[in-house]
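First the structure, in the form of structure tokens, and then the observations on it.
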Amino acid sequence: MSVRTRYAPSPTGMLHVGGAWMTFFNWLYARRHGGQFILRIEDTDRSRSTEYYEKLIMDDLRWIGIDWDEGPDVGGPHGPYRQTERSTLYAEAADELIRRQAAYRCYCTADELEAERAAAAAAQRAYRYSGRCRNLTPAQIAAFEAEKRRYTIRFRTESFRDPARATTGGWLQARDDGSGPRVFVVVPDLIRGEVAFDLADIDDFIIVRSDGGALYNFANVVDDHDIRITHVMRGIQHLTNTPKQFLMYGALAWTPPAVAHAPELAGLDRKKLSKRHGDTSLREYRDELYLPEAMVNFFALMGWYPEEGRELFSREELMRRYDIAEMGKASPIFDRQKLNWMNGEYMRLAMQQEPERVLDLICGYLARHGLLPAEPTAMQRALVRRVLAILGDRVKVGADVLTYADFFFQDPPAMDDAAVEKHLRAPGIGPFLTAIADRLDALATFTAAAVESEVRATAAAFGIAFKVVVHPIRVALTGKTIGPGLFELTEALGRERAVSRLRAGAAIADRD
RNA sequence: GUCCCGGUCGUCUAGCCAGGUCUAGGACACCGGCCUUUCAAGCCGGUAACACGGGUUCGAAUCCCGUCCGGGGCACCA
């Protein structure tokens, strides 16, 4: 049977890096085994789900190179792929469970349930449904119906309590630690090994709301079975849901999929990655010029190391070697610094192999920061191309473009106060900068080499060491002390702008 | 409270299942040096970890037990 994995997002927000990370492994596993990857939209929470987010999520998924064989947009043989369009399926499955006496109607009101919960809390006990409606007589049911009470549907966990139903190798096992036989739901987790849950801890949980809507746990089981999902990889927070799901599979005489519970991504404080850590939506990384190939490589290395001594892997290599069983168990922390390094590696590669792609990216970035129009002219593009060439591997992420090259795109450049104070407001600098300006203005050919020889000659004429002279010029030209090679930068800036900035710098130097 | 999962350098991790070759390896970050007109890159070097306590064993990061710490579940949320 071919491998089928899925990702089932709720379209209530942007695709989160944690979600993208998990999705990537599901996708990778399907591709690794020549199987299918399916996208299913869990939009049962109608008040919060929007089509807008559904589209954005799909767009972000495509951006990191995740494609799907079946989904709401492309269809497929097991559709529909939106939960809101699958409600009859859940209703049928619920009927089937009732027919098999594996589920029952519960007429308890919210208040009654709340009272049970409060009692449990007061006694410092974990809340378990009392089972009050488990064995209602026809007369009691008739009475509730006459009252027009609404009912939920609960799963009858009880039917699995008989140790005789347990098998030795199966997911329902009887174990005896000396205090009598107890029945356990044993989840064979591909990452963690067998995880046993005492059936006594599982109550009769609700599977259908009083408004007829299926609850997540139940809908999930029905969907995964119907869509023929073979491997479910999800966050560890779902591990405790799994025994309940296995029970439902069992009651319906369905075979549960293989499951694997990966750790959840954490922030620097070791808490689950969330909004308060900032930059959690994948799109923010895209906007900051992180490359999808870098994201994917970085994702792979969180929780999984394919081979010692190497960290850079192409998507194809990852596809060839990835195995769920090798996944780490501990929550990785999303380390921006390592991502930055990795993105730099891929950025360098992209600049060599796909310069036009990088050019487009940078133009877009500059436009988003107001330094370039959305539709740059051919001349503006040419300047960016040139700037990119002299920037070289200084560009690791979008912000580097600004820190090293913003002065190309704004007149006058933003001046760093400390740099001005230190390098421009030094004795003798004013006349020197004026002299340089004059000489550059008179230069026959305005090239980096020519600029350099003029600067060296002027420094010699003034009796100032070359090294000492570089910084004031840089500050006058760029407003800062860091950046690309001074002479390449000057050439790219062009004679006119270079000369006027040098004169402006001289004015600052001479000012009292 | 209870159930479940986790715990190797600051971070990602290798090693753990099949104890010795681990005075615990790599990478990012950090620190120092070289190169150099600055920064970045590159090269060289450095700091830095088996959560703790008991076992078992000739020998434990690796096996067992306990403790501590962290995370998650315990909804008519997903």
Side-chain angles (χ1 to χ4, degrees), chain A residues 8-10 12 42-45 48-49 83 106 108-110 113 117 120-121 123-128 150-154 187 189 191-193 195-198 200-203 205-217 219-220 235-243 261 263-264 266 268-272 298 301-305 307-312 328-342 344 348 391-396 400 403-404 419 423 452 455-456 459 465-471 473-475 478 480-487 489:
Chain A
S10 304
T12 54
E42 303 211 328
D43 55 352
T44 43
D45 188 344
R48 293 192 300 148
S49 299
Q83 282 192 331
C106 171
C108 292
T109 63
L113 261 17
R117 204 168 292 126
Q124 297 216 310
R125 258 183 13 243
Y127 166 67
R128 304 268 177 272
R150 316 238 296 166
Y151 62 87
T152 60
I153 299 177
R154 284 186 186 270
V187 174
D189 191 287
I191 294 173
R192 284 155 219 284
V195 185
F197 297 87
D198 192 333
D201 292 328
I202 301 173
D203 68 354
F205 51 93
I206 295 175
I207 58 174
V208 177
R209 288 188 210 113
S210 54
D211 68 2
L215 245 47
Y216 165 80
N217 247 342
N220 222 258
I236 188 136
Q237 76 269 28
H238 293 290
L239 181 55
T240 38
N241 280 328
T242 312
H261 291 90
E264 194 85 353
L268 259 1
D269 54 3
R270 299 222 169 255
K271 294 260 169 33
K272 193 169 147 179
F298 178 68
L301 257 37
M302 278 192 296
W304 180 68
Y305 255 60
E307 178 182 292
E308 272 198 50
R310 192 153 74 99
E311 301 205 303
L312 266 13
K329 297 179 176 75
S331 279
I333 291 169
F334 193 91
D335 183 358
R336 266 300 266 277
Q337 289 190 308
K338 185 146 188 174
L339 208 212
N340 286 350
W341 164 75
M342 187 165 280
R348 203 189 298 196
L391 240 30
D393 51 26
R394 267 169 273 249
V395 181
K396 293 194 208 155
D400 294 325
T403 56
Y404 292 119
H423 298 288
E452 178 166 1
V455 169
R456 284 187 187 277
F466 174 68
K467 282 183 76 152
V468 177
V469 119
V470 168
H471 264 98
I473 301 177
R474 177 182 293 281
V475 173
T478 71
K480 56 185 82 189
T481 56
I482 57 169
L486 182 61
F487 309 113
L489 158 184

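Side chains are part of it too, since the values below use all heavy atoms of this structure and drop only hydrogens, waters and symmetry mates. Note on naming: letters A, B, ... go to the chains in the order of the sequence lines (proteins, then strands), and numbering restarts at 1 for each one.
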Quick one: [X] [atom1] to [N] [atom2], roughly how many Å, whole number?
X	N	atom1	atom2	value
A/Q337	B/U11	CD	P	12 Å
A/F334	B/G10	CZ	P	21 Å
A/D335	B/G10	CG	P	13 Å
A/I236	B/A78	CD1	C1'	17 Å
A/K396	B/A29	NZ	C1'	10 Å
A/I202	B/C4	CD1	C1'	11 Å

Tell me which nucleotide among [options] gets nearest to the side chain of [X].
X	options	answer
A/K338	B/A75, B/A27, B/C5	B/A27
A/L486	B/C3, B/U37, B/U13	B/U37
A/W341	B/U11, B/A27, B/G6	B/A27
A/V195	B/C39, B/U37, B/C5	B/C5
A/E42	B/U37, B/A78, B/A40	B/A78
A/D393	B/A40, B/U37, B/G6	B/A40
A/A126	B/G26, B/G72, B/C74	B/C74
A/M302	B/C12, B/A78, B/U37	B/C12
A/E311	B/G26, B/A40, B/A78	B/G26

Please check: side-chain N/O of A/D189 versus main-chain N/O of A/H261, any donor-acceptor pairing under 3.5 Å?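 Yes, the answer is positive, given that a donor and an acceptor are paired below the 3.5 Å cut-off.
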
Have a look at [X] and say if it touches a base, only the backbone sugar-phosphate, or nothing, with a 4.0 Å heavy-atom cut-off.
X	answer
A/F487	base
A/H261	nothing
A/N220	nothing
A/S10	sugar-phosphate
A/P263	nothing
A/R474	base

Inter-nucleotide [atom1] distance ([N], [M]), Å rounded:
N	M	atom1	result
B/A40	B/C31	P	10 Å
B/C12	B/C17	P	23 Å
B/G53	B/A78	C1'	41 Å

Suppose we define a pair by two distances each less than 3.5 Å, Watson-Crick or G-U wobble; what does [N] pair with here?
N	result
B/U36	none
B/C17	none
B/C63	B/G55
B/C74	B/G1
B/G7	B/C68

Taking all heavy atoms of [X] and all of [Y], pick out the closest pair and write down the distance.
X	Y	result
A/P484	A/L391	CG-CD1, 3.5 Å
A/L215	A/R209	CD1-CG, 3.3 Å
A/R154	A/C106	NE-SG, 3.2 Å

Between the base of B/C4 and the side chain of A/T240, is there a donor and acceptor pair under 3.5 angstrom?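 Looking at the base of B/C4, it does not pair with any donor or acceptor on the side chain of A/T240 (distance under 3.5 Å).
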
If you assign each of A/G303 and A/K467 to its closest nucleotide in RNA chain B, which residue comes earlier from the 5' end?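 Looking at the nearest nucleotide for each, A/G303 comes out on the 5' side.
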
Assuming nearest nucleotide by heavy-atom distance, tell me which of A/G485 and A/T109 is located more 5' along RNA chain B.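 Nearer the 5' end of the strand: A/G485.
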
Measure up the A/F298 and A/F334 rings against each other and bin them: parallel (under 30°), tilted (30 to 60°), perpendicular (over 60°).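 Rings of A/F298 and A/F334: perpendicular, as their planes differ by over 60°.
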
Once rounded to the nearest 0.5 Å, what's the spacing between atom CG of A/D201 and atom CZ of A/R128?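 Between atom CG of A/D201 and atom CZ of A/R128 there are 5.0 Å.
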
Can you check whether A/R209 has a side-chain N or O nearer than 4.0 Å to OP1 or OP2 of B/A78?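 For B/A78, OP1 or OP2 has a side-chain N or O of A/R209 closer than 4.0 Å.
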
Looking at A/R117, does any N or O in its side chain come under 4.0 Å of the phosphate oxygens OP1/OP2 on B/C74?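 Answer is no, no contact under 4.0 Å.
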
May I ask you to test the A/I236-A/R192 pair for a side-chain heavy-atom distance under 4.5 Å?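 Touching, per the 4.5 Å side-chain cut-off.
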
